[in-house]
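Take a look at the structure set out below.
Heads up: numbering here begins at 1 and tracks the sequence.
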Amino acid sequence: MIETNMKTRTPPVKEISNARLWTARAMRGIVILFMLFDGIGKFTKPVPVVEGAVTLGFAEHHLVTLGVLVLLCTVLYAIPRTWFLGALLLTGYLGGAVATHLRLDNPLWSHLLFPVYVAILAWGALWLVDRRLRNLLWERE
């Protein structure tokens, strides 16, 4: 379907398909739920989270700071108007997770690349629905 804006005389813009929209929503939902689970876990401090943080080289008092950071990034990503900024900030947070696992020589596919998988889902969802991002990367519409 083609949509034309007569007031601003912008060229017609293709509307995205329902399949693309729902795929993007599912991908964003997975990222948001996972990051909320991670952030809330840092506040509630169950034993496995505390043990995992200590194993990664963090002290228990760092968990609240990390929780605030991840929840702030996630909220920004969840709001459509700020999702690009949220994706950038989440990418930085997830990059820190990659660096932490690399420093400890953790397994590649399960530990080291898991934050990369989450970042791919986060950016992939934006790529599916945001024409400007697709144009920026490679596709010209």
Side-chain angles (χ1 to χ4, degrees), residues 1-5 7-141:
M1 175 177 282
I2 304 251
E3 176 184 308
T4 306
N5 188 342
K7 290 182 181 179
T8 60
R9 301 211 186 266
T10 57
V13 176
K14 289 182 187 175
E15 194 176 295
I16 62 171
S17 69
N18 277 339
R20 182 179 268 195
L21 178 65
W22 282 101
T23 301
R25 285 177 178 168
M27 291 167 69
R28 281 186 68 224
I30 290 168
V31 171
I32 291 167
L33 288 175
F34 176 77
M35 298 311 291
L36 285 175
F37 181 76
D38 182 46
I40 292 168
K42 289 183 178 17
F43 281 106
T44 58
K45 298 181 185 179
V47 174
V49 171
V50 174
E51 288 175 353
V54 170
T55 302
L56 293 173
F58 295 103
E60 186 177 344
H61 69 274
H62 292 137
L63 288 175
V64 172
T65 304
L66 290 171
V68 168
L69 290 173
V70 73
L71 289 177
L72 177 65
C73 296
T74 304
V75 167
L76 287 172
Y77 181 70
I79 300 170
R81 190 174 194 108
T82 60
W83 64 7
F84 187 82
L85 176 61
L88 282 174
L89 294 173
L90 278 176
T91 303
Y93 180 85
L94 294 167
V98 169
T100 300
H101 287 294
L102 179 66
R103 181 179 62 84
L104 296 174
D105 288 326
N106 282 334
L108 176 68
W109 297 104
S110 60
H111 291 68
L112 189 64
L113 290 181
F114 186 77
V116 175
Y117 305 148
V118 175
I120 289 170
L121 281 175
W123 283 103
L126 294 183
W127 184 85
L128 285 173
V129 296
D130 194 331
R131 178 181 42 88
R132 297 170 301 174
L133 183 60
R134 287 193 305 275
N135 288 342
L136 179 67
L137 295 177
W138 62 73
E139 191 176 292
R140 300 289 177 214
E141 289 183 8

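- Among residues two or more places apart in sequence or in another chain, the side-chain hydrogen bond (donor to acceptor under 3.5 Å, both in side chains) test is passed with Trp83 by none.
- The OH atom of Tyr93 sits 8.5 Å away from atom OG1 of Thr74, with the distance rounded to the nearest 0.5 Å.
- Under the salt bridge (Lys or Arg N to Asp or Glu O under 4.0 Å) criterion, no residue pair touches residues 98-126, with sequence neighbours excluded.
- Nearest heavy atom pair, residue Met27 against residue Leu128, reads SD-CD1, 3.7 Å.
- The line from CG of Leu94 to OG1 of Thr100 is 11.0 Å long, rounded to the nearest 0.5 Å.
- Looking at Arg20, its side chain never comes within 3.5 Å of a backbone N or O of Val129 through a donor-acceptor pair.
- Judged by distance alone, with hydrogens and angles left aside, the side-chain atoms of Thr82 form no donor-acceptor pair with the main-chain N or O of Leu85 at under 3.5 Å.
- At distances below 3.5 Å, at least one donor-acceptor pair connects side-chain atoms of Tyr77 with backbone N or O atoms of Ala122.
- In terms of heavy-atom proximity, Val70 sits nearest to Met35 at CG2-CE, 3.2 Å.
- When all heavy atoms of Leu76 and Gly86 are compared, the closest pair comes out as CB-CA, 3.8 Å.
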Run the side chain to side chain contact (heavy atoms under 4.5 Å, CB included) check on Leu56 and His101 step by step: do they pass? CA-CA 7 Å; Leu56 293 173; His101 287 294; 3.7 Å; yes

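- A distance of 10.5 Å separates CD of Glu51 from CD of Glu60, quoted to the nearest 0.5 Å.
- Considering only residues two or more places apart in sequence or on other chains, Arg81 meets the side-chain hydrogen bond (donor to acceptor under 3.5 Å, both in side chains) condition with none of them.
- Contact between Val118 and Val31 at its shortest, heavy atoms only, is O-CG2, 3.7 Å.
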What verdict does the ring pair (Phe, Tyr, Trp, His ring centres under 6.0 Å) test give for Phe34 and Phe114, after you've listed the backbone C-alpha separation in whole Å, the side-chain angles of each residue and the deciding distance to 0.1 Å? CA-CA 12 Å; Phe34 176 77; Phe114 186 77; 5.3 Å; yes

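- Residue Trp123 holds its CH2 atom at 9.5 Å from CG of Leu90, rounded to the nearest 0.5 Å.
- Residue Arg134 holds its CZ atom at 11.0 Å from CG of Leu126, rounded to the nearest 0.5 Å.
- Expressed to the nearest 0.5 Å, how far CG of Leu89 lies from CG of Leu72 amounts to 7.0 Å.
- Electrostatic pairing of Lys42 and Asp38 counts as a salt bridge here, judged by a charged N lying under 4.0 Å from a carboxylate O.
- The two residues Phe43 and Val68 come nearest to each other via the heavy atoms CZ-CG2, 3.5 Å.
- Between Pro46 and Gly41, the closest heavy-atom pair is CD-O, 3.3 Å.
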